[in-house]
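Keep in mind that this is a model prediction, so the values were computed, not measured.
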Amino acid sequence: MMEIKLSCCHFHFLCFLLAASLVFSHAHNHGNPANEIVDIINKNRTDQKLPHLNDSPGLGCMALQYIELCKGNCTGNNVVNCKPSEDDFTEVFAPNCGVELPTFGTITGHVIGCQKKYVEPSIAFSQVLVKDKSSLSILKNKSHTEVGVGLVGVHKGPFFWCVLFSNGQTNSTFVLENRGEGIKQKTGCYSGSSAPCSGAQKSGFAPSSIFSMSYVLILLFTFL
C-alpha cells in the first residue's frame, strides 16, 4: 500500500517537472533577445569606462526596419550586402515605426550582421556584430548616447541583427507616436519594446529543454 502511495507521489512530482520544463521553454523562446544585446553593449562600454547608452525604442524599431529591407542579402561569409539610403531612414523606416519626424536625430553609427542560424545574444554580439576592429571602434565611439537593436529571421534562411547608435537626448529624439502603441510588429523584435519576438528566434524548443523533457518522460514511464 505504501509502495502505491509513493508511486503516486512520484507521478505527480514528475508531472510538475514536465509542466515546469514546458513553461521554461515557452519563456525561453518568446523573450526579447534585442534587449539582451543592449545590456551586453552597455556592459562592454561601462567595463571600458565609457558612458552607458539609453535604450531607444525608436532606434530599435528603425534597426528592425533596416534589416527587414536587407533580408535575403546575407553572403556566404555572413556579410550583409545591403546599404539603405539616407532617404530610407526618413521616408521609410521612421514612418513605419511612427517616429515623429521633428524628433529625428543624428545616427552616429551602425553595425549589422547575419548568420545562417539563430544564435544566443552573447554569441551574436561577439561573433556576428562585433567581430573586427572596425565594429569595435563603432561600439566604443564616445559620441554615442543612445542605442537600438533589431533582429529578424528569414523562414528557412539566415538571421539578421542590426544596431543603430545616436547622439540624441533621452526621450527627445526618435520619439514614437503614442509611445509606440500603434506599431504593428509582425516579425522579429527590437529593443525597448515590451512585445516578445515574433518569428525572430528558431521555432520549436531549445535543445536543453528537449533534453530535460525527455529525461522527465523517461522517469515518468519508469514509475508507471
Side-chain angles (χ1 to χ4, degrees), residues 24 27-67 70 74 77-80 83 89 93 97 99 103-153 158-176 180 188-197 200-202 206-208:
F24 171 78
H28 175 82
N29 286 291
H30 292 80
N32 190 340
N35 285 331
E36 294 182 54
I37 291 178
V38 168
D39 291 339
I40 294 170
I41 289 171
N42 273 321
K43 184 179 185 307
N44 274 265
R45 281 180 61 89
T46 53
D47 284 350
Q48 299 179 56
K49 310 300 180 184
L50 293 168
H52 180 278
L53 302 178
N54 176 54
D55 187 357
S56 167
L59 274 178
C61 182
M62 289 199 302
L64 176 57
Q65 291 290 315
Y66 189 119
I67 47 178
C70 293
C74 185
N77 296 324
N78 295 328
V79 175
V80 180
K83 293 182 179 180
F89 282 88
F93 304 161
C97 288
V99 171
T103 69
F104 194 97
T106 301
I107 294 182
T108 51
H110 75 277
V111 179
I112 187 168
C114 60
Q115 183 73 272
K116 63 181 180 180
K117 61 181 181 179
Y118 175 79
V119 292
E120 295 300 320
S122 59
I123 298 175
F125 174 80
S126 61
Q127 297 182 17
V128 179
L129 292 168
V130 187
K131 58 183 181 180
D132 54 35
K133 290 182 179 180
S134 176
S135 52
L136 180 61
S137 176
I138 294 171
L139 173 71
K140 295 168 65 176
N141 191 321
K142 293 181 180 180
S143 68
H144 301 328
T145 56
E146 295 186 303
V147 63
V149 177
L151 70 144
V152 70
F159 285 79
F160 294 79
W161 289 261
C162 177
V163 183
L164 295 180
F165 298 96
S166 169
N167 61 359
Q169 296 181 352
T170 304
N171 299 324
S172 63
T173 52
F174 302 104
V175 176
L176 296 177
C189 54
Y190 62 93
S191 60
S193 170
S194 58
C197 270
Q201 291 174 268
K202 186 189 295 183
S208 58

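- Listed for the Asn77 side chain is no donor-acceptor partner under 3.5 Å among the backbone atoms of Val79.
- Within the 3.5 Å criterion, the main-chain N or O of Val175 finds a donor-acceptor partner in the side chain of Thr103.
- With no hydrogens or angles considered, a side-chain donor-acceptor pair links Ser191 and Asp55 at under 3.5 Å.
- Note: Phe165 and His144 have parallel aromatic rings, judged against thresholds of 30 and 60 degrees for the angle between ring planes.
- Contact of the Leu176 side chain with the Cys97 side chain is registered, since non-hydrogen atoms from C-beta on lie closer than 4.5 Å.
- Considering only heavy atoms from C-beta on, Thr170 stays 4.5 Å or farther from Thr145 through its side chain.
- Shortest non-hydrogen contact noted between Cys74 and Asn78 is SG-CA, 4.0 Å.
- Atoms NZ and CZ, on Lys131 and Phe125 in that order, are 13.5 Å from each other to the nearest 0.5 Å.
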(request) Show your reasoning for whether side chain to side chain contact (heavy atoms under 4.5 Å, CB included) applies to Asp47 and Asn44. (result) CA-CA 5 Å; Asp47 284 350; Asn44 274 265; 5.5 Å; no
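- Side-chain contact check for Phe89 versus Phe104: some heavy-atom pair is nearer than 4.5 Å.
- In summary, of the residues considered (Leu53, Leu164, Thr108), a side chain to side chain contact (heavy atoms under 4.5 Å, CB included) with Val147 occurs for Leu53 alone.
- Listed here is the closest heavy atom pair of Phe174 and Ser166: CE1-OG, 3.3 Å.
- The line from OG1 of Thr106 to CD of Glu146 is 11.0 Å long, rounded to the nearest 0.5 Å.
- Residues Ile138 and His110 are not in side-chain contact: their nearest non-hydrogen atoms beyond the backbone lie 4.5 Å or more apart.
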(message) If you apply the rule side chain to side chain contact (heavy atoms under 4.5 Å, CB included), what do you find for Leu151 with Tyr118, and how did you get there?
(response) CA-CA 10 Å; Leu151 70 144; Tyr118 175 79; 4.1 Å; yes
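- With a 4.5 Å cut-off on side-chain heavy atoms, Ile41 and Leu129 do not count as touching.
- Expressed to the nearest 0.5 Å, how far CD1 of Ile107 lies from CZ of Phe93 amounts to 9.0 Å.
- Within the 4.5 Å cutoff, the side chain of Arg45 has heavy atoms near those of the Pro51 side chain.
- Under the 3.5 Å distance criterion, the side-chain polar atoms of Ser137 are left unmatched by any main-chain donor or acceptor of Lys133.
- Side-chain atoms of Asn54 and Ser56 include no donor-acceptor pair closer than 3.5 Å.
- Between the side chains of His52 and Thr46, no donor-acceptor pair of N or O atoms lies under 3.5 Å.
- Heavy atoms only, all atoms of each residue included: Ile37 and Ala124 are closest at CD1-CB, 4.3 Å.
- Note that SG of Cys70 and CD1 of Ile112 are 4.5 Å apart. Values are rounded to the nearest 0.5 Å.
- Between Ser193 and Pro57, every side-chain heavy-atom pair lies at or beyond the 4.5 Å cut-off.
- Ion pairing between Asp39 and Lys43 fails under the 4.0 Å rule for side-chain N and carboxylate O.
- Among all heavy-atom pairs drawn from Ala63 and Gly150, the shortest one is CB-N, 3.5 Å.
- Once rounded to the nearest 0.5 Å, the distance linking CH2 of Trp161 with CG of Leu64 reads 13.0 Å.
- To the nearest 0.5 angstrom, Phe159 atom CZ is 11.0 Å from Ile67 atom CD1.
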